[in-house]
Amino acid sequence: MPKNVLSEIKTIHLIGICGTAMGSVAVMLQEQGYKITGSDANIYPPMSTFLESNKVQLMEGYREENLSHRPDLVIVGNAISRGNPELEAVLNQHLFYLSLPETLRLFLLSKTKNLVVTGTHGKTTTTSLLAWIFEHCGKNPSYLIGGVPKNLPQGCKNQNGPFWILEGDEYDTCFFDKRSKFLHYLPELVILNNLEFDHADIFNSLEDIKATFSRLIHIVPQNGIVVANADDKNVKDVLRNAKSEVISVGFSSESNHQITGSQVTSNGTIFQFMGESFFLPMYGSHNVHNACMAITAANVYDIKLTMIAQALTQFKGIKRRMEVRGEARDIIIIDDFAHHPTAIQETLSALKAKYPNRRLCALFEPRSNTTRRANFQDQLPEALALADYIGIGEVSRLDQLPRENRLDPKKVVSDLLEAGKTSYYEPDVSIMIDRLTRELRAADVLVVLSNGSFGGLIQTLLNRLEAGP
């Protein structure tokens, strides 16, 4: 693309702006002097408040009128498909449009050292940890994070250092480009955290997912590096044809760098790695593993382990990753993004370690494109059974799925009851809140597991509990 085309762009409109990456990039582009507008069908916190606080003009709903100012560039989110009235207007009016990954590649990534964090789980946490380590150690990294990190001012920022640290999503790029997003990011270093079946709406099998990760590994240059999970068989499978150096990290003795001596404390976890003792103010073996992947990648670029250890002690986490939203009547309410059985299991295990003497209650909203399908019908009860009390909400967008492909939440509840767990299915959020107000008791920890807003349940429940019986 000729450079003069990019230099002429002054106004940019994002369709699907409230996606975590889209919203973060929108604010970054606005900081660079572009006039930004955006539209979305689902505008809710924390992204909506983040955009509004940065004075990005939001338009609720998708309509042709949203483009009346004729933006110089339209960035089309990957959740937008043909038939969307705003997208159809873009095409009919011959407006210039790109996907988000294309925009990053063309505007920013061609002359930088790009570190791409991938895997089914832990991408946001690992990317946030890595970006914070680089920031704390004075490297002035640019970064793209699919969440809101608490140590950093926003999820995407373009700075003057030579590094870009990107959360590499395996989901498809856009309606016109079905390749995984991470294939656009020109990686010099790839972190491959883990690999499982997910995204049942675009991948047919685990083998399909392995294929897209294999393509990613295939574009890492010979002088690049892959930091890989030594404990994951699926990761090992996709590394067989790697042309670059591979550094393995894990709890296994086969790892190039082994994690040892993990100990839970009252305010985090101590562990030994690469001959150094680290403290991480987080819980769960998965978070220790995430941290070690980030430590390894940072050390590749000659950041001293003592400096990395200092950075870890100050890590504050990410919104919606085991985030304490409030406490009322001695009941702690936590918001967590987990929407895959493995992620649910890891979150619940970490919370049991953090709160060993409290009853653990969990609410789950089957909302992701995988969990609202029947793919994990048998695995979900096993994961949720780590909690003592479980509520299941309505399966999102049920009418879009054939009956035989839908998750059966009543069967999940039945399996949990058979395992001796207090469990119920309640599709009405207001009724669920009434029930929780009656049944939660002092010293309970309630974690709400959803990749959406769960009908605003958390704040409404907090308000009810604070109001008293």
Side-chain angles (χ1 to χ4, degrees), residues 121 283-284 286 320-368 370-396 398 406-462 464-465:
H121 314 294
Y283 292 86
H286 64 298
R320 305 209 64 203
R321 269 56 174 191
M322 290 198 292
E323 180 187 13
V324 175
R325 288 283 300 276
E327 185 172 352
R329 298 193 211 170
D330 195 28
I331 299 164
I332 298 170
I333 299 183
I334 293 169
D335 188 4
D336 195 87
F337 199 74
H339 57 274
H340 181 286
T342 299
I344 291 168
Q345 199 161 17
E346 289 171 344
T347 294
L348 295 178
S349 294
L351 289 172
K352 286 178 81 72
K354 184 176 183 179
Y355 302 105
N357 301 315
R358 290 176 176 253
R359 185 174 72 145
L360 180 58
C361 307
L363 303 180
F364 174 60
E365 181 183 31
R367 186 179 179 277
S368 75
T370 302
T371 55
R372 63 195 188 93
R373 290 172 164 83
N375 299 79
F376 293 129
Q377 184 72 57
D378 297 329
Q379 291 92 330
L380 278 168
E382 183 179 346
L384 289 164
L386 287 176
D388 305 301
Y389 170 107
I390 305 105
I392 312 288
E394 184 176 28
V395 178
S396 179
L398 204 59
R406 300 174 185 171
L407 176 75
D408 182 352
K410 293 181 180 178
K411 176 67 165 57
V412 174
V413 168
S414 174
D415 290 345
L416 286 165
L417 290 171
E418 192 173 323
K421 298 291 181 176
T422 301
S423 182
Y424 61 88
Y425 167 63
E426 178 48 67
D428 188 312
V429 172
S430 62
I431 294 175
M432 180 178 278
I433 290 170
D434 289 341
R435 181 168 186 162
L436 290 164
T437 305
R438 294 193 308 271
E439 296 183 356
L440 291 176
R441 54 188 190 238
D444 280 352
V445 173
L446 172 68
V447 57
V448 180
L449 304 158
S450 171
N451 69 339
S453 66
F454 213 141
L457 181 145
I458 290 178
Q459 193 56 55
T460 304
L461 178 60
L462 275 169
R464 287 279 298 275
L465 292 173

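Below, all heavy atoms of this structure are taken into account, side chains as well, without hydrogens, waters or symmetry copies.
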Criterion salt bridge (charged side-chain N to carboxylate O under 4.0 Å, His left out) on D330 and R358, from CA distance to verdict: CA-CA 11 Å; D330 195 28; R358 290 176 176 253; 3.4 Å; yes
Could you tell me the separation between the CD atom of E426 and the CZ atom of R435, rounded to the nearest 0.5 Å? 8.0 Å
Counting distance only, does the side-chain N/O of R320 pair as donor-acceptor with the main-chain N or O of S450 below 3.5 Å? yes
Out of curiosity, C361 SG to D388 CG, how far, rounded to the nearest 0.5 Å? 7.0 Å
Quick one: CG on D434 to CE on M432, what's the gap to the nearest 0.5 Å? 11.5 Å
Flag for T347-D336: side-chain donor and acceptor within less than 3.5 Å: yes
Given 3.5 Å as the limit, does a donor-acceptor pair link the side chain of K410 with the main chain of Y425, or not? no
Quiz question: by atom type and distance under 3.5 Å, do the side chains of Y283 and Y355 form a donor-acceptor pair? no
State, yes or no, whether a side-chain contact exists between F454 and V429 at a heavy-atom distance under 4.5 Å. yes
From CG (L363) to CD1 (I392), nearest 0.5 Å: 8.5 Å
Taking CD in E382 as the centre, count heavy atoms belonging to other residues, nucleotides or ligands within less than 6.0 Å. Is the count above 12? no
With no hydrogens and no angle check, is any side-chain donor or acceptor of D415 less than 3.5 Å from a backbone partner on V412? no
Can you confirm whether or not the ring centre of H121 sits under 6.0 Å from the ring centre of H340? yes
Determine whether Q459 and R325 make a side-chain contact, defined as any pair of heavy atoms from C-beta on separated by less than 4.5 Å. yes
With sequence neighbours left out, write down each residue that passes ring pair (Phe, Tyr, Trp, His ring centres under 6.0 Å) with F364, or none if nothing qualifies. none
Approximate separation, where rounding is to 0.5 Å, of K411 NZ and L416 CG: 10.0 Å
